[in-house]
Amino acid sequence: MSRTPLIAGNWKMYKTGPQAVTAATVLVKLCTGISNPEIMIAPNFIALQQVAQIFAGSPIKTGAQNLYFENQGAFTGEVSADMIKEAGAEYVIIGHSERRQIFGETDESIRKKIKSAVLSGLKPILCIGETEGQRDEEKTFQVLDKQVSDGLKGFGPDELVDLVLAYEPVWAIGTGKTANESQVDEVHRYLRSLLGKLFSQEFADQKRILYGGSVKPENAYSLMGIEDVDGALVGGASLDADKFINIIKYNESII
Ligand code: PGA
């Protein structure tokens, strides 16, 4: 089964406009000629349009970190899928654990956001993951099952052609702790079989499942070597162009 891996960088609430422009310009130079893996960067909303313009014609795609599920209206502080699409983004990260934990996002609002992304032609990256406490209580699979089943409830497989799943154990995000290979392997296999049950085996085989949580050049090669890992969602290390390019070139990096 060939699934082109995706290395996606989430810049979170870092980089001012000028800093984002500088970083994007550096990345375009570093990524010239790369067609595999697919590469994506999600800057903040202020920088999105400018960064998308810099990436245009390069191998790097642009993504947003969030959206609001209504098209337009009196929703102070929010940004719609159409606005994001028009600004030049191709992807949108939905349900990141920081959004779930800090901003109270629920599986229900996440499902609406996925719907809105799909209707606008944005490719949704649905983030899921258990907390440390849930893992300790051996609830990992139960939590993931609910996040995936509720997040994707009511969709037909045709609507989710461009869906990407990102497994990000909350305890591994920004902590320097990475899930070990057998934990990642076990979860990714579980997720693919869950997608098979919810949709079809063909659907599951075609879906990319990214790993996220303290991915860095030092562990990218071994993580990407796991059969059901189809790329990475990178936070901290995506802020540094040298680190990010070494993750993108995980096949060449002998670290
Ligand atoms: P990290 O973040 O790479 O800094 O752990 C990952 C993420 O939040 O997607």
Side-chain angles (χ1 to χ4, degrees), residues 5-15 19-20 23 27 37-45 47-48 51 60-67 89-105 110 113-114 117 123-132 134-135 140 143-144 147-148 151 163-181 183-184 187-188 191 208-224 226 229-250 253 255:
L6 170 64
I7 303 293
N10 174 8
W11 281 355
K12 305 192 180 183
M13 201 175 73
Y14 290 102
K15 297 193 192 290
Q19 287 167 345
L27 277 178
E38 193 180 348
I39 306 161
M40 188 276 270
I41 287 286
N44 66 58
F45 280 133
L48 183 80
V51 166
I60 314 171
K61 316 273 175 63
T62 309
Q65 300 173 15
N66 181 32
L67 58 72
E90 185 172 325
Y91 284 92
V92 58
I93 298 170
I94 296 179
H96 189 280
S97 66
E98 286 150 17
R99 303 262 357 141
R100 292 178 191 257
Q101 296 202 318
I102 305 169
F103 301 100
E105 289 201 6
I110 287 164
K113 289 182 177 201
I114 296 172
K123 299 175 177 170
I125 301 179
L126 169 61
C127 300
I128 53 171
E130 81 287 1
T131 62
E132 189 151 38
Q134 290 164 337
R135 179 164 279 270
T140 298
V143 168
L144 296 173
Q147 290 174 338
V148 174
L163 173 81
V164 176
L165 216 53
Y167 169 55
E168 300 204 297
V170 178
W171 48 272
I173 295 178
T175 57
K177 281 196 229 169
T178 317
N180 67 40
E181 283 174 48
Q183 289 169 325
V184 176
V187 169
H188 280 237
L191 291 171
R208 289 182 293 187
I209 307 176
L210 315 184
Y211 169 77
S214 300
V215 176
K216 43 193 179 237
E218 292 83 350
N219 58 25
Y221 182 79
S222 54
L223 286 165
M224 295 309 130
I226 300 169
V229 173
D230 309 306
L233 183 51
V234 186
S238 73
L239 296 169
D240 179 319
D242 287 334
K243 286 188 184 159
F244 194 55
I245 192 67
N246 279 317
I247 295 172
I248 291 165
K249 295 186 172 178
Y250 59 87
S253 55
I255 297 171

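Atoms within each ligand, like the ligands themselves, are counted from 1 in listed order. Here the structure is a predicted model, which is why all the values come from computation and not from measurement. Throughout, numbering of the chain's residues begins at 1 and tracks the sequence.
- Atoms of ligand 1 found under 4.0 Å from any heavy atom of Ala172 (numbered from 1 in listed order, with element): 5 (O).
- A heavy-atom separation below 4.0 Å is not found between Lys216 and ligand 1.
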message: Using the rule given for side-chain contact (heavy atoms from CB on, under 4.5 Å), can you reason through Ile173 versus Ser214, listing the C-alpha separation, both sets of side-chain angles and the distance that settles it, and then say yes or no?
response: CA-CA 6 Å; Ile173 295 178; Ser214 300; over 6 Å; no
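- The proximity of Ser97 to ligand 1, defined as any non-hydrogen pair under 4.0 Å, does not occur for either the backbone or the side chain.
- Residue Ser214 places a heavy atom less than 4.0 Å from ligand 1.
- Protein heavy atom at the shortest distance from atom 9 (O) of ligand 1 is Glu168 OE2, 2.6 Å.
- Side-chain contact annotation: Glu38 with Tyr91, donor-acceptor N/O pair under 3.5 Å present.
- The shortest side-chain heavy-atom distance between Glu168 and His96 falls under the 4.5 Å cut-off.
- Residue Thr175 has no N or O atom closer than 3.5 Å to an N or O atom of ligand 1.
- Shown are Gln134, Glu132, Glu130; of these, the side-chain hydrogen bond (donor to acceptor under 3.5 Å, both in side chains) with Trp171 is made only by Glu130.
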- request: Check the pair Asn66, Lys113 against side chain to side chain donor-acceptor pair (under 3.5 Å), reporting the backbone distance first and the verdict last.
  value: CA-CA 9 Å; Asn66 181 32; Lys113 289 182 177 201; 2.8 Å; yes
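- Residue contact check: Gly174 has heavy atoms under 4.0 Å from atoms 1 (P), 4 (O), 5 (O) of ligand 1.
- What sits closest to atom 3 (O) of ligand 1 on the protein, heavy atoms only, is Gly235 N, 2.8 Å.
- Taking the six-membered ring for Trp and thresholds of 30 and 60 degrees, His188 and Tyr211 have ring planes inclined between 30 and 60 degrees apart.
- Each of the atoms 7 (C), 8 (O), 9 (O) of ligand 1 lies under 4.0 Å from some heavy atom of His96.
- For ligand 1, none of its N or O atoms has an N or O atom of Val234 under 3.5 Å away.
- In terms of polar-atom proximity, Gly213 is not counted as a contact of ligand 1, lacking any N or O under 3.5 Å from an N or O of the ligand.
- When every heavy atom of Ile128 is checked against every heavy atom of Arg100, the shortest pair comes out as CG2-NH2, 3.9 Å.
- Against a heavy-atom cut-off of under 4.0 Å, Gly236 is close to the following atoms of ligand 1: 1 (P), 3 (O), 4 (O).
- Considering every non-hydrogen atom in both Ala179 and Pro169, the closest pair reads CB-CG, 4.2 Å.
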